[in-house]
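Below is one structure, written out as structure tokens; the observations come after it.
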Amino acid sequence: MRQSVAGLAKRGGSLASATMIAAALLFPVSARAQGQQGQQGQSGLSNLFGGIFSGSNPAPSQPAPGGAQTGAQPWSGEDGASGHPLMTAAAIREAAGNFDNCVAGMWPDAARRGITQENFQRFTAGLSPDLRIMDLMDSQPEFSKSIWDYLDILVNDNRLAKGKEILAQYKAQFDATEKAYGVDRYIIAAIWGIESNYSTQMGDRSVLQSTATLACVGRRQAYFKDEFLSALEILNRGDLRPEQMRGSWAGAFGPTQFMPTAFKRFAVDGDGDGRRDVVDNPTDLIASTANNLKKDGWQSGQTWGFEVVVPQGFNYMLADRAKMMTLAQWEKLGLKRATNQPFPHPADKAYLLAPAGAQGPGFLMLQNFRVIMKYNPAEAYAMAIGHFADRLRGGQPFVQPWPRQERELSRTERLELQQLLAQRGFYKGTPDGQFGGQTREALRNFQVSIGLPADGFATSDVLDRLRGR
């Protein structure tokens with residue numbers, strides 16, 4: 001479920017799922033493994049679309065040493081794109097050569113967690129590093145999906161039809177869960193559908209092998225050591241069997257993509273059989289996902305956000321996650337619901353998100369949107385979940401059109417944009433082709449300087465203006 005892998009592709013607790021979606025989306029996308037500590041692994045979405053959001057990886061040159069590979073491709077044998085000293089080819093080979101000692105050295109920590117020596121030896125026997133993960137961890141996409149393409153892929157008729165079947169099939173479980181946790185069943189069903197396409201795309205890597213690899217090799221060893229030991233705890237307790245714990249390269253598993261540490265915090269025994277089985281037991285799965293959202297602050301009876309029409313001449317500097325105002329205050333600034341309906345609770349606080357800039361629809365995001373982002377810290381992901389839930393409930397598509405004539409900038413173009421912003425004194429960071437808050441702020445200030453709406457939306461037109469064309 002949620003939690004990302006340390007900044008990778010999934011929430012620190014689970015999803016490596018919707019995974020680094022798009023630097024070009026201007027959102028920190030990661031799937032769940034990233035969520036928990038601002039990291040993320042890769043699983044649901046990345047499995048579904050095989051690299052669309054995590055980037056296509058370079059074709060392997062020649063097989064590199066360092067252990068058996070479980071993926072379809074071997075490790076490329078190349079330095080990681082992050083430039084981290086632990087991601088150089090030499091460092092990876094050295095760490096892989098010490099893998100057995102590294103795993104054995106975790107026994108004292110495992111013992112302190114109550115794992116028996118017999119189980120430690122049984123579950124770690126035969127483990128070898130899957131170095132292909134190093135390429136996946138450090139992949140940098142040249143191109144990324146636009147927000148509208150992302151939503152088109154995830155919220156489609158086939159997935160909606162399957163979601164409605166799931167809601168009907170497990171109505172009793174959803175009824176009991178809503179009563180116990182106060183979490184909207186449609187949100188849970190949406191997460192299930194987007195994370196694993198309703199249990200059909202859960203990943204096929206061994207969670208033990210993946211987390212052991214990442215605990216001993218690469219740049220996130222401390223984070224993944226906790227994930228590896230947590231996976232051993234799950235097996236030691238008997239909640240799951242090793243063959244059930246298969247998932248993303250970052251270690252997220254199950255239909256709603258839990259990282260092992262997230263499982264420990266949020267998994268519950270929904271049917272009282274003594275096991276917390278979030279893989280094959282729908283009752284435990286639904287209840288555990290709800291418990292996760294509830295503990296993250298889900299507000300019962302509240303939606304996630306509203307599509308709004310933003311008036312011409314609006315000050316887009318107010319479109320900032322830190323600028324929370326009541327819906328009534330936003331209304332006074334000229335924002336209206338796209339459906340022309342009144343806001344049901346005008347005193348609720350929200351922030352304005354303009355994911356496609358001034359040319360696209362606006363959205364006022366409430367507390368539950370932030371909760372979804374704890375599951376996966378990407379605004380594009382959270383919007384897909386919220387919108388998919390609304391559609392499962394019987395809602396309609398978004399009212400306003402997206403600026404589909406615009407194209408996403410390539411990584412090379414994003415890098416150039418940052419360099420040009422720096423030359424003009426707007427950007428103070430190190431150009432890297434990845435868009436974060438600092439780049440958006442610099443872009444907004446440049447837009448203001450030339451009389452454009454300060455929406456922070458990077459387009460080819462803005463790049464041309466920076467080039468002086």
Between [Y] and [X], do the side chains contain a donor N or O and an acceptor N or O under 3.5 Å apart?
X: Gln400; Y: Glu307; answer: yes
X: Trp107; Y: Thr124; answer: no
X: Asp135; Y: Ser76; answer: yes
X: Gln201; Y: Ser196; answer: no
X: Asp79; Y: Thr88; answer: no
X: Thr289; Y: Thr256; answer: yes

Exercise. Decide, yes or no, whether a salt bridge links Asp175 with Lys179 under the criterion of side-chain N to carboxylate O below 4.0 Å.
Key: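 No.
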
Exercise. Determine whether Arg370 and Met324 make a side-chain contact, defined as any pair of heavy atoms from C-beta on separated by less than 4.5 Å.
Key: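 Yes, at least one pair of side-chain atoms sits under 4.5 Å.
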
Quiz item: Below 4.5 Å, heavy atoms only, C-beta onward: do Ser128 and Gln209 meet side chain to side chain?
Solution: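 They are in side-chain contact.
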
So does [Y] get a backbone contact from the side chain of [X], meaning a donor-acceptor N/O pair under 3.5 Å?
X: Gln121; Y: Glu118; value: no
X: Asn156; Y: Ile153; value: yes
X: Asn197; Y: Thr200; value: no

Self-check item: Neighbour count above 12 (heavy atom, 6.0 Å) for Gln405 CD
Solution: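 Correct, the count exceeds 12.
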
Quiz item: Should we count NZ of Lys349 as having more than 12 external heavy atoms under 6.0 Å?
Solution: no

Exercise. Just do the side chain to side chain contact (heavy atoms under 4.5 Å, CB included) check on Tyr181 and Asn291 with the steps written out, would you?
Key: CA-CA 7 Å; Tyr181 298 96; Asn291 186 47; 3.6 Å; yes

Exercise. Could you walk me through whether Trp304 and Asp390 pass the side chain to side chain contact (heavy atoms under 4.5 Å, CB included) test, one step at a time?
Key: CA-CA 9 Å; Trp304 59 278; Asp390 286 350; 2.9 Å; yes

Exercise. Measure up the Phe388 and Tyr198 rings against each other and bin them: parallel (under 30°), tilted (30 to 60°), perpendicular (over 60°).
Key: tilted

Quiz item: Where does the angle between the aromatic ring planes of Phe398 and His387 fall among parallel (under 30°), tilted (30 to 60°) and perpendicular (over 60°)?
Solution: parallel

Exercise. Decide yes or no on salt bridge (charged side-chain N to carboxylate O under 4.0 Å, His left out) for Asp130 and Arg205, but give the supporting numbers first.
Key: CA-CA 9 Å; Asp130 176 4; Arg205 277 184 159 82; 2.7 Å; yes

Practice problem: Walk me through it: do Glu408 and Arg414 pass the test salt bridge (charged side-chain N to carboxylate O under 4.0 Å, His left out)? | Solution: CA-CA 9 Å; Glu408 295 297 324; Arg414 296 194 299 272; over 6 Å; no

Practice problem: May I ask you to check whether Phe343 and Phe306 place their ring centers less than 6.0 Å from one another? | Solution: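 Ring centres of Phe306 and Phe343 closer than 6.0 Å.
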
Practice problem: Output, in order, the C-alpha distance, side-chain angles, deciding distance and verdict of side chain to side chain contact (heavy atoms under 4.5 Å, CB included) for Met137 and Met87. | Solution: CA-CA 10 Å; Met137 172 185 266; Met87 295 301 293; 3.9 Å; yes

Quiz item: Which is it for Arg276 and Asp271 under the salt bridge (charged side-chain N to carboxylate O under 4.0 Å, His left out) test, yes or no, and what are the steps along the way?
Solution: CA-CA 9 Å; Arg276 296 173 296 170; Asp271 59 4; over 6 Å; no

Quiz item: Between Asp320 and Arg440, does a salt bridge (charged side-chain N to carboxylate O under 4.0 Å, His left out) hold up when you go through it step by step?
Solution: CA-CA 10 Å; Asp320 188 306; Arg440 289 197 296 274; over 6 Å; no

